[in-house]
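Shown next, in structure tokens, is the structure this report addresses.
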Amino acid sequence: MSRRRINSLRTASPRRRSAFTLLEVLVALALSVLLITAVYSAISLYVRVTTDEHNQLERSRVARALFRQISTDIQSVVFRIQEDAEEELTDETLAAGGADDSSGSAATGSESAAATTFGAATDQETTGAEALINSSIGVIGDAQKITLHLNRPARGATYQPVLAATEITARCSDLQSITYFLANPSMGGLEGEVGQRAVQGSLGTESGPQGLARLAGDRFAVDYADVQADIETLAAAAQIIAPEVIALQFEYFDGLTWLETWDSAAVGRLPNAIAITIGMRRVVSDAERREFQYDSAARAAFDEVLEYRRHVVALPLSTPSTEGL
Amino acid sequence: MMTCRRHRQVTRRRGLTLLEVLLSLAIFMIAMTAISQLVSIGSRASVEAQVEADAALRAETVLNEVIAGVHPLQSTQQTTFTDDPDWVWSLDVMEGPHIDLVQLDVTVGRKIEGSMTQTTSYHSVRLSRLIRNPDLFLEAALAAEGE
């Protein structure tokens, strides 16, 4: 059959070639253009929706992780009311001696070393044990910054890092000092120093907040650096844990109302609850980061807070307020 | 086809019958409906997952507030959150398995408005926790003050 058709094609004089008319071609073209436009808009809508939702999910994930970490830190806070100095002293020395049983002699040696440095810094004739007692401040903070003195057991804590005098993040006991704040180069003090270190490779405006920073270190080392006003050392130990966070607020519940500031040493106890509010901007992945550097419009929009999230943490060691009774 | 056209006069152009056109249109419509359903189900599932994750965090906040004494320790229904009126929470205070234990049930919910189907579904997460009766701590604090 096909042979016959070919024969007929060959023999037939090609007077009129079979083809599409101009109208048919135009109509087909118009239809395909319509179809392609529809498909394109559908895909772009889908991509936009997916990106937005993905970003929202990322923010949600980052916020959950942050709240989890801050909660763990807040719930480990310890604070003792100074009632009897003598009694506290024996307790404290016993606890410090028991922290490292394997190298008892090294422990006592470094303890006295830490005591002398701390004593010299405070310009007081304090013994090491008194310095230890005085250094426990529980929760001290205002709306933008919070410092927690907490107790968290660590595996294999030794005095070796202190003897070598390496860095303040090295742990030699279960006593830690943790500070949360917003790194901001336009501010002074620790916030400004950490902010200026973070400006390198920053995506948003260089004068704005650079993210949520956490400074965790051995309590005595951090206190010593603080008393010496050694902001360089503190800033080197601080880490920006969430560049997405550009707004931060703490509130402290005393049993009746929410307060802006808290100082456990002045109030004499821990707050019943601490509320953390964070304002987050877009979460930028590493791949986006590279393109982002050249896109000024995207960069300007980057410093906008997309959502605020609030979380409340109850402190298990706080005593209930008896003021209203 | 070509041979036919060449060999005899073309009086009637061959094309699709009306039935064929309608049939193909019907199949196309069914396929489109199925695909759009798929998309809407997918987007709704992702919204639900996110709402549930947020609800769990909010429920934890409410539990912590109740434990800290921000909210009184009594059952409430459908209280709106101050920061977002779309979210509501309810609290059930019950006696726990022991005389000194109190069981707290917190339910946090949010309305989801379906963009395509115009339906409003309600999503909620429930968290339960047993706490020691806060009166015990209060009595201990009062006793310590009295000393």
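Lettering of chains follows the sequences in order, A, B, ..., and the numbering in each one begins at 1. No experiment lies behind these values; they were computed from the predicted model shown. Values below: all heavy atoms of this structure, side chains included; hydrogens, waters and symmetry mates excluded.
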Do you know which of B:D54, B:D83, B:I67, B:V70 has the most heavy-atom pairs with chain A at a distance under 4.5 angstrom?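 Most heavy-atom pairs under 4.5 Å with chain A: B:V70.
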Just wondering, are more than 12 heavy atoms of other shown residues or ligands nearer than 6.0 Å to CZ in A:R68?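 No, not enclosed.
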Which value, rounded to the nearest 0.5 Å, describes the distance between B:N64 atom CG and A:Q75 atom CD?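 Taking CG in B:N64 and CD in A:Q75, the distance rounds to 6.5 Å.
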After noting the C-alpha distance and the side-chain angles of A:R64 and B:E60, does the key distance pass the side chain to side chain contact (heavy atoms under 4.5 Å, CB included) rule? CA-CA 11 Å; A:R64 274 207 306 278; B:E60 213 174 299; over 6 Å; no
Please list, in residue-number order, every residue in residues 93-100 of chain B that has a heavy atom less than 4.5 Å from any heavy atom of chain A; write 'none' if there are none.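 Within residues 93-100 of chain B, no residue comes under 4.5 Å from chain A.
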Residues of residues 31-61 of chain A with any heavy atom under 4.5 Å of a heavy atom in chain B: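 Within residues 31-61 of chain A, the residues that come under 4.5 Å of chain B (heavy atoms only) are A:E53, A:Q56, A:L57, A:S60.
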Within residues 308-318 of chain A, residues adjacent to chain B where the heavy-atom gap is under 4.5 Å: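 Listed by number: A:R309, A:R310, A:H311, A:V312, A:V313, A:A314.
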Of all residues at least two apart in sequence or in a different chain, which pass the side chain to side chain donor-acceptor pair (under 3.5 Å) check with B:R132?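 Residues passing side chain to side chain donor-acceptor pair (under 3.5 Å) with B:R132: none at all.
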